[in-house]
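Whatever order the structure lists ligands and atoms in, that order sets their numbers, starting from 1.
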Amino acid sequence: MAEAAIGVRIAGLGKSLGENILTNEDLERMVDTSDEWIRTRTGIGTRHIAARQTATSDLALRAARQALDHARLAPSDLDLIIVATVTPDMAFPSVACLLQAELAAGHAAAFDLSAACSGFLYSLDVGARFIQSGRYQHVLVVGAETLSRITDYSDRRTCVLFGDGAGAAVLEPAPAGKGMLSSVLGADGNGRDLMYLPAGGSRRPASMETVQTGLHYIKMNGNEVFKYAVRIMGDVTTQALSGAGLGVADVDLFIPHQANYRIIDATARRLGLPPEKVFVNIERYGNMSAATIPIALREAEEEGRLRDGAIVVLAAFGGGLTWAASVWRW
Ligand SMILES: CC(C)(COP(=O)(O)OP(=O)(O)OC[C@H]1O[C@@H](n2cnc3c(N)ncnc32)[C@H](O)[C@@H]1OP(=O)(O)O)[C@@H](O)C(=O)NCCC(=O)NCCS
């Protein structure tokens, strides 16, 4: 997408994390694994897990309130709420509707968007279009997940990877040339079996059998996902940069989806980005799907890394398969 006449900027950011911490040492007691294996293969040390009574909309609400405060806006200013999630509180109503009620964001339209780990970047793109079309002024975009609820804690190939959290961004109009400069979205449904949740939908509704055979847990072909991720993250970043008329040398900060440190490192090397320009927090959180990028953005803001005028690139890949990247001038 080329630059539009109306710019769209992020006016406020917020984050929240699952209340409990699950360490590699805890996992050593649960499955046949080791702190050394997890750290060297993934870069993960700890992850946050939502308390039993906490659902995805609770995490989303905390992040949303912080983002609104940061933007100095009230819930009543919102025209639209989009929540990217694959772990909604329930099939319907959407998390976005639950959030709208909790925030008392009376006149905002609300819907969820499903694009797995790329969901936040897909949602930013959709939210930005509503603003650029002149239809809405303020759009709340949230990435929120409780992946622990769909993780099999007896499967060492997946349970070491995932955590729970939410991140939120408030979008508003900006002068042309500021904010989102370009955005690229992509998908390949032929890769649907590489990462998926087999049961609980219309194909295989919940039954005794689906529960007993663990079909309500994430299934993943880690090796294949890894290879695809390294290739697609580099490609989609290059496409988004070229859509903005920029090159890798222009990038001040690259915020990739945090799924595996080795994927981040390999992507940065492929692109020729030095480590100091790459944001990494996976050691503390693991993979929180749609929540990873908005949480990373909030932390980059807290660390003073989103200075005025900086070129910031966001890139993600996920189940579907899906991928996305966007380029921003802060
Ligand atoms: C899952 C992942 C960490 C596995 O790392 P890997 O280096 O590819 O490891 P492999 O799958 O080849 O497994 C190597 C060995 O380690 C074992 N292993 C897997 N998980 C383990 C764990 N937690 N602890 C110890 N050993 C483990 C495997 O069983 C295998 O043993 P075997 O050779 O005896 O069969 C890696 O493939 C990955 O991160 N993939 C991408 C996943 C992802 O990002 N998903 C979300 C996308 S949004």
| said: Between ligand 1 and Asp32, can you find any atom pair, the residue atom being a heavy atom, that is separated by under 4.0 Å? | reply: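 Heavy atoms of Asp32 do come under 4.0 Å of ligand 1.
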| request: Please work out which of the three classes, parallel, tilted or perpendicular, describes the rings of Phe130 and Phe111, given edges at 30° and 60°. | output: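 Rings of Phe111 and Phe130: tilted, 30 to 60°.
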Check whether any protein heavy atom sits under 4.0 Å from [atom].
atom                    : result
atom 26 (N) of ligand 1 : yes
atom 30 (C) of ligand 1 : no
atom 15 (C) of ligand 1 : no
atom 9 (O) of ligand 1  : yes
atom 22 (C) of ligand 1 : yes
atom 12 (O) of ligand 1 : yes

Proximal ligand 1 atoms for [X], defined as those under 4.0 Å from one of its heavy atoms:
X      : value
Phe226 : 38 (C), 40 (N), 41 (C)
Met220 : 42 (C), 43 (C), 45 (N)
Thr42  : 3 (C)
Phe317 : 47 (C), 48 (S)
Cys117 : 48 (S)
Ala259 : 44 (O)
Asn223 : 8 (O), 11 (O), 12 (O), 37 (O)
His257 : 48 (S)

Is it true that [X] and [Y] have a side-chain N and a carboxylate O under 4.0 angstrom from each other?
X      : Y      : result
Asp69  : Arg65  : no
Asp252 : Arg307 : yes
Arg47  : Asp26  : no
Lys178 : Asp308 : yes
Arg62  : Asp58  : no
Arg298 : Glu301 : no
Glu25  : Arg29  : no

Nearest protein heavy atom with distance in Å, relative to [atom]:
atom                    : answer
atom 38 (C) of ligand 1 : Asn260 ND2, 3.5 Å
atom 41 (C) of ligand 1 : Gly222 O, 3.6 Å
atom 5 (O) of ligand 1  : Arg262 NH2, 3.6 Å
atom 18 (N) of ligand 1 : Trp37 CZ2, 3.4 Å

| field | Reference residue Met220; test side chain to side chain contact (heavy atoms under 4.5 Å, CB included); the match among Leu161, Asp193, Asp155 | value |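 Going through the options one by one, the only one that passes is Leu161.
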Report the part of [X] in contact with ligand 1, treating N, CA, C, O as backbone and CB onward as side chain, heavy atoms under 4.0 Å; options are side chain, backbone, both, neither.
X      : result
Thr33  : both
Asn287 : side chain
Val160 : side chain

| query | What's the spacing between Leu171 CG and Tyr136 OH if we round to 0.5 Å? | reply |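 Separation between the atoms: 13.5 Å.
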| query | Does the side chain of Thr85 pick up a donor-acceptor pair with the side chain of Thr56 at under 3.5 Å? | reply |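 Judged by distance alone, the side chains do not pair up.
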| said: Do Glu299 and Tyr285 pair up side chain to side chain, a donor and an acceptor below 3.5 Å, judged on atom types alone? | reply: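 Yes, side-chain donor-acceptor contact under 3.5 Å.
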| field | Over all atoms of both residues, closest heavy-atom pair of Tyr228 and Gly318 | value |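 So the minimum-distance heavy-atom pair works out to OH-O, 3.3 Å.
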| Of all heavy-atom pairs between Asp250 and Ile311, which one has the smallest distance, and what is that distance? |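 Reported closest heavy-atom pair: O-CB, 3.4 Å.
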| Candidate with minimal heavy-atom separation from atom 17 (C) of ligand 1, of Arg41, Met195, Arg157, Arg156 |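 Checking each option, the heavy atom nearest atom 17 (C) of ligand 1 is found in Arg156.
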